[in-house]
Amino acid sequence: MANMNRLFFQPHQAGLSKVEAAEHTLRNINPDVQFEVHNYNITTLDNFQHFMDRISKGGLKEGTPVDLVLSCVDNFEARMAINTACNELVQIWMESGVSENAVSGHIQLIKPGETACFACAPPLVVAANIDEKTLKREGVCAASLPTTMGVVAGMLVQNVLKYLLNFGTVSFYLGYNAMQDFFPTMAMKPNPQCGDKYCRKQQEEFKLKEAARPKQEPIVVKEEEIVHEDNDWGIELVSEVSEEELKAASGPVPELPEGIKVAYTVPITEPTSGFIVEDSEQSLDELMAQMKNL
């Protein structure tokens, strides 16, 4: 019953496994979609082998690999299992998650050998080899906000559509911080010292592919010289400002980092000579009367 706030499950589904309840909900939304349900722990040896078999042979055409794997699991052990399977099979996948406090989340596109896998920059729990079970208190669930999960799920599906249908910019990593409405994005390169041997193997193969790919020479665009057409009136376009006047109207250019330039400079002006008029206590009318008498 604690999962009912996900807005995906319904009270009458209590007692079913999550995958069975999910399949029922999705089938009611769109009965034309084909579903394949497996309710098991993918981290055990037998189930992991079956999981890899379905990734490599469970495409729309039986015997072909799937197009994409989406990870929506809630623990690091399952994520590492998915990561290992996809690295070994060279399978592109998208990882997603929501934080324990339910106010932040992320999505990540992982291309084995080309981008960082989940083991390249693992969370502290994975890097320190901590048993997740020791972090969870008995009878206490992690915080859960269906709005945060809905935002992260929407980001994930939007990225999936852009990737599969080949439009827009596909994010390699997109985060979400609900407290500040902050959406950080970045691309992470694979770690050459990654703990996953298949990740290191795919990195080497990707380097060989990149080296064999013909390099594209940069295209230099030559600016065309502006030529004014002859006319019957002998009109010519000339600058109204001479080079000397242009230099006089410009000031020194400050030292700036590479790639940054100023839009304009302020000329250095010499102080003008003159005299200072002392303050007078006379009113404006009195000063005007003096002027009339001059």
Side-chain angles (χ1 to χ4, degrees), residues 1-11 13-14 16-26 29 37-43 51 68-86 92-111 115-128 130-163 169-188:
M1 294 301 292
N3 288 304
M4 291 305 158
N5 73 331
R6 306 294 173 89
L7 305 182
F8 187 75
F9 303 117
Q10 301 168 20
Q13 294 173 332
L16 297 176
S17 67
K18 286 185 179 180
V19 290
E20 290 173 327
E23 191 263 348
H24 290 174
T25 300
L26 292 171
I29 294 173
V37 178
H38 301 285
N39 181 29
Y40 55 54
N41 181 359
I42 62 172
T43 64
F51 175 62
L68 191 66
V69 172
L70 304 184
S71 168
C72 308
V73 297
D74 62 355
N75 64 87
F76 295 120
E77 190 178 7
R79 285 185 175 92
M80 292 300 290
I82 298 171
N83 186 73
T84 301
C86 290
I92 296 175
W93 64 294
M94 288 190 188
E95 194 267 330
S96 63
V98 173
S99 63
E100 287 285 324
N101 62 5
V103 290
S104 65
H106 73 277
I107 63 170
Q108 182 179 354
L109 170 64
I110 299 175
K111 295 183 175 182
T115 65
C117 76
F118 192 73
C120 283
L124 179 61
V125 176
V126 177
I130 299 173
D131 186 359
E132 274 188 273
K133 298 181 179 66
T134 63
L135 302 177
K136 296 183 179 180
R137 290 177 293 170
E138 189 66 28
V140 178
C141 291
S144 176
L145 275 179
T147 47
T148 305
M149 294 180 181
V151 170
V152 175
M155 287 164 37
L156 176 65
V157 175
Q158 188 81 308
N159 219 37
V160 169
L161 289 177
K162 289 191 292 183
Y163 173 80
T169 301
V170 181
S171 297
F172 283 98
Y173 180 94
L174 179 60
Y176 170 56
N177 184 321
M179 302 301 285
Q180 282 87 33
D181 287 338
F182 179 50
F183 293 84
T185 181
M186 67 188 81
M188 294 184 288

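Model, not experiment: these values are computed from the prediction.
Between Ser96 and Ile107, the shortest heavy-atom distance links the atoms CB-CG2, 4.1 Å. Smallest separation of non-hydrogen atoms from Val152 and Gly97: CG1-O, 4.0 Å. Residues Trp93 and Cys86 share a closest heavy-atom pair of CD1-CB, 3.4 Å. For the residue pair Ala81 and Thr43, the shortest heavy atom distance occurs at CB-CG2, 4.2 Å. When every heavy atom of Phe172 is checked against every heavy atom of Met186, the shortest pair comes out as CB-O, 3.8 Å. Smallest separation of non-hydrogen atoms from Ile110 and Phe118: CD1-N, 3.9 Å.
Met149 has its side chain out of reach of Phe8: every pair of non-hydrogen atoms, C-beta onward, lies at least 4.5 Å apart.
One finds the CE atom of Met80 at 11.5 Å from the CD1 atom of Ile42 (value rounded to the nearest 0.5 Å). Atom NE2 in His38 sits 12.5 Å away from atom OG in Ser17 (nearest 0.5 Å). Note that CE of Met155 is 9.0 Å distant from OG1 of Thr185, once rounded to the nearest 0.5 Å.
Checking side-chain atoms of Thr148 against main-chain N and O of Ala102 turns up a donor-acceptor pair under 3.5 Å. Proximity of a side-chain donor or acceptor of Asn159 to a complementary backbone N or O of Ser171 within less than 3.5 Å is detected.
A side chain to side chain contact (heavy atoms under 4.5 Å, CB included) with Leu109 is found for exactly one of Val170, Val160, Leu156, Leu174, namely Val170.
Phe183 is linked by a ring pair (Phe, Tyr, Trp, His ring centres under 6.0 Å) to Tyr176, counting only residues two or more places apart in sequence or in another chain. With sequence neighbours excluded, no residue satisfies ring pair (Phe, Tyr, Trp, His ring centres under 6.0 Å) with His24. For Gln158, the side-chain hydrogen bond (donor to acceptor under 3.5 Å, both in side chains) test picks out no residue, with sequence neighbours left out. Residues meeting the side chain to side chain contact (heavy atoms under 4.5 Å, CB included) test with Ala116, sequence neighbours left out: Cys120, Met188. Applying the ring pair (Phe, Tyr, Trp, His ring centres under 6.0 Å) rule to Tyr173 yields the partners His106; only residues at least two apart in sequence or on another chain are considered. Residues satisfying the side chain to side chain contact (heavy atoms under 4.5 Å, CB included) test with Val73, not counting sequence neighbours, are Ser71, Ala78, Arg79, Ile82.
Within 6.0 Å of the CE atom in Met179, the count of heavy atoms belonging to other residues, nucleotides or ligands does not exceed 12.
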